[in-house]
Protein chains: 2
Amino acid sequence: MTTDASPHSPPPDTDPDADLRPLEIAGHRIDILDGAFSWFIRSLDSVVSRDLDARMGHLEVAKGKGKITALLLIDDYPGIRPSEIAEVLMRDRPTTGRIIDRMVQAGLVSRGVSAHDQRAQSLTITPAGHDLAEKVREIIRQQEAEFFDFIAPEDRAQFMRILRRTYMRMRSKWT
Amino acid sequence: MTTDASPHSPPPDTDPDADLRPLEIAGHRIDILDGAFSWFIRSLDSVVSRDLDARMGHLEVAKGKGKITALLLIDDYPGIRPSEIAEVLMRDRPTTGRIIDRMVQAGLVSRGVSAHDQRAQSLTITPAGHDLAEKVREIIRQQEAEFFDFIAPEDRAQFMRILRRTYMRMRSKWT
DNA sequence: AAACACAGTTGCATTTCACAACCATAACAG
DNA sequence: CTGTTATGGTTGTGAAATGCAACTGTGTTT
């Protein structure tokens with residue numbers, strides 16, 4: 001039994017042993033999930049995504065995991081094709097196509113026909129889309145600053161390194 | 001085939017500078033998202049969740065983010081109430097209630113009335129539910145081993161430490 | 001006794017997402 | 001150059017997650 005009844009809950013940031021104790025969330029331990037990377041990643045996803053939705057609620061790319069990436073890709077790679085975006089997103093083509101539909105309807109992106117392949121589309125950003133991309137970048141920067149700046153710089157580099165490697169590794173397993 | 005024609009794409013695992021280069025995903029850089037923790041967390045979530053679904057596809061708790069945690073909580077805390085689970089999950093009560101509905105229907109959990117509060121429910125695991133919880137723990141262990149064992153032990157502790165702290169910090173911001 | 005707070009349920013309404021089937025174009029085989 | 005196969009994108013459909021508002025019943029407070 002931990003000292004739960006204690007009237008003063010010490011700020012976790014200042015307790016050196018915090019990392020060794022079983023985690024308590026809303027007063028409950030979480031079993032094997034406490035040591036599971038996957039659980040923290042999945043839980044962090046919820047929080048990060050909600051926060052991002054709150055920040056972007058009024059923009060045309062809120063909600064869902066693909067819109068932001070798609071927008072920035074089209075901004076950076078004029079002429080990119082939907083199937084390329086689908087591959088980056090790891091979504092199927094119908095799903096990706098509908099994401100693009102919405103962006104076209106919102107006037108952020110325009111569809112053209114690829115010069116070399118009549119089947120393929122050539123996506124380009126519109127001025128409004130480019131403006132939005134800039135806003136999105138700024139929002140991402142802000143969120144990163146607010147949520148992750150507390151991590152010490154050395155830790156941050158390490159954290160990013162592991163995240164990147166894990167992501168690439170899992171990606172390659174999937175495809 | 002490791003002899004890639006491109007001058008700059010050696011196998012990432014063996015390249016010491018891999019962490020310094022911009023990441024390429026399906027041949028495309030991902031703009032500011034490359035340095036964004038949130039993007040990697042959100043993307044990792046997709047991959048991890050899909051993998052978990054694949055592993056659990058046949059069990060009664062596949063898909064969705066709350067079922068596994070709820071099952072283990074009920075297994076560990078007999079008599080726990082739905083609202084407590086909702087708080088851990090950071091989901092609203094209707095959502096949590098429906099998760100529990102499905103588990104009750106599947107014979108994993110039984111609902112009772114709390115001894116001290118006629119409004120509240122007292123959830124307990126059934127033998128079938130307990131068996132499933134054991135299976136789930138084993139699957140989690142396997143996934144962790146397969147996906148994260150490549151991280152060096154020291155790095156792993158560090159990674160977990162940062163994940164935990166980030167999670168707790170974000171949680172406290174939300175509530 | 002009335003007002004308020006809390007636990008859980010029900011009814012929507014929204015959004016996401018994947019699979020299958022389909023059309024058009026391209027690439028390739030004979 | 002013709003038939004077959006592969007590729008890019010769209011449409012149809014259904015399953016599932018999730019969240020908000022409104023409701024019932026119970027506890028708590030004034």
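Chain letters run A, B, ... following the sequence lines, proteins first and then strands; every chain starts at 1.
B:I99 places its CD1 atom 15 Å from the C1' atom of C:dT9, with the value rounded to the nearest Å. Rounding to whole angstrom units, CD of residue A:E84 and C1' of D:dG8 are separated by 11 Å. Computed from coordinates, the B:Q118 CD to D:dT28 C1' distance equals 15 Å when rounded to whole Å. Taking atom CD1 on B:I100 and atom P on D:dA17, their separation rounds to 14 Å, with Å as the unit. Remark: C1' of D:dA17 and CG of B:L89 are 13 Å apart, rounded to the nearest angstrom. Atom CG of A:D53 is separated from atom C1' of C:dT16 by 12 Å (rounded to the nearest Å). Atoms CG (B:D101) and C1' (C:dT10) sit 10 Å apart, rounded to a whole Å.
Looking at residues 104-115 of chain B, you'll see that no heavy atom sits under 4.0 Å from any atom of DNA chain D.
Judged by closest nucleotide on DNA chain C, A:G66 is the one of A:G66 and A:H116 placed further toward the 5' end.
Taking 4.0 Å as the cut-off between side-chain N and carboxylate O, B:D76 and A:R29 do not count as a salt-bridged pair. Remark: A:D131 does not engage A:K135 in a salt bridge, criterion side-chain N to carboxylate O under 4.0 Å.
Contact between the side-chain N/O atoms of B:K65 and the OP1/OP2 oxygens of D:dT18 is not found at any separation under 4.0 Å.
The shortest side-chain heavy-atom distance between A:F147 and B:F37 does not fall under the 4.5 Å cut-off. Between B:I125 and B:L132 the shortest side-chain heavy-atom distance does not fall below 4.5 Å. Looking at heavy atoms from C-beta onward, B:R161 lies in side-chain contact with B:R165 at the 4.5 angstrom threshold. The shortest distance between side-chain heavy atoms of B:Y167 and B:L163 does not fall below 4.5 Å. The closest side-chain heavy-atom distance from A:P82 to A:I85 is not below 4.5 Å. The side-chain heavy atoms of B:D92 and B:T96, taken from C-beta on, include no pair separated by under 4.5 Å. Using a 4.5 Å cut-off on side-chain heavy atoms (C-beta onward), A:R81 and A:L123 make no contact.
No side-chain N or O of A:S114 forms a donor-acceptor pair with one of A:S122 less than 3.5 Å apart.
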Protein-nucleotides 19-24 of chain D N/O pairs closer than 3.5 Å?
from   : atom 1 : to    : atom 2 : distance (Å)
D:dG19 : O6     : B:R98 : NH1    : 3.1

Using atom names, set out every protein N or O paired with an N or O of nucleotides 2-7 of chain C below 3.5 Å, distance rounded to 0.1 Å.
from  : atom 1 : to     : atom 2 : distance (Å)
C:dC6 : O2     : B:R119 : NH1    : 2.9

Given the rule in the side chain to side chain contact (heavy atoms under 4.5 Å, CB included) test, do B:D45 and B:R50 qualify, once you have shown the distances and angles that lead to the verdict? CA-CA 8 Å; B:D45 169 74; B:R50 270 189 229 186; over 6 Å; no

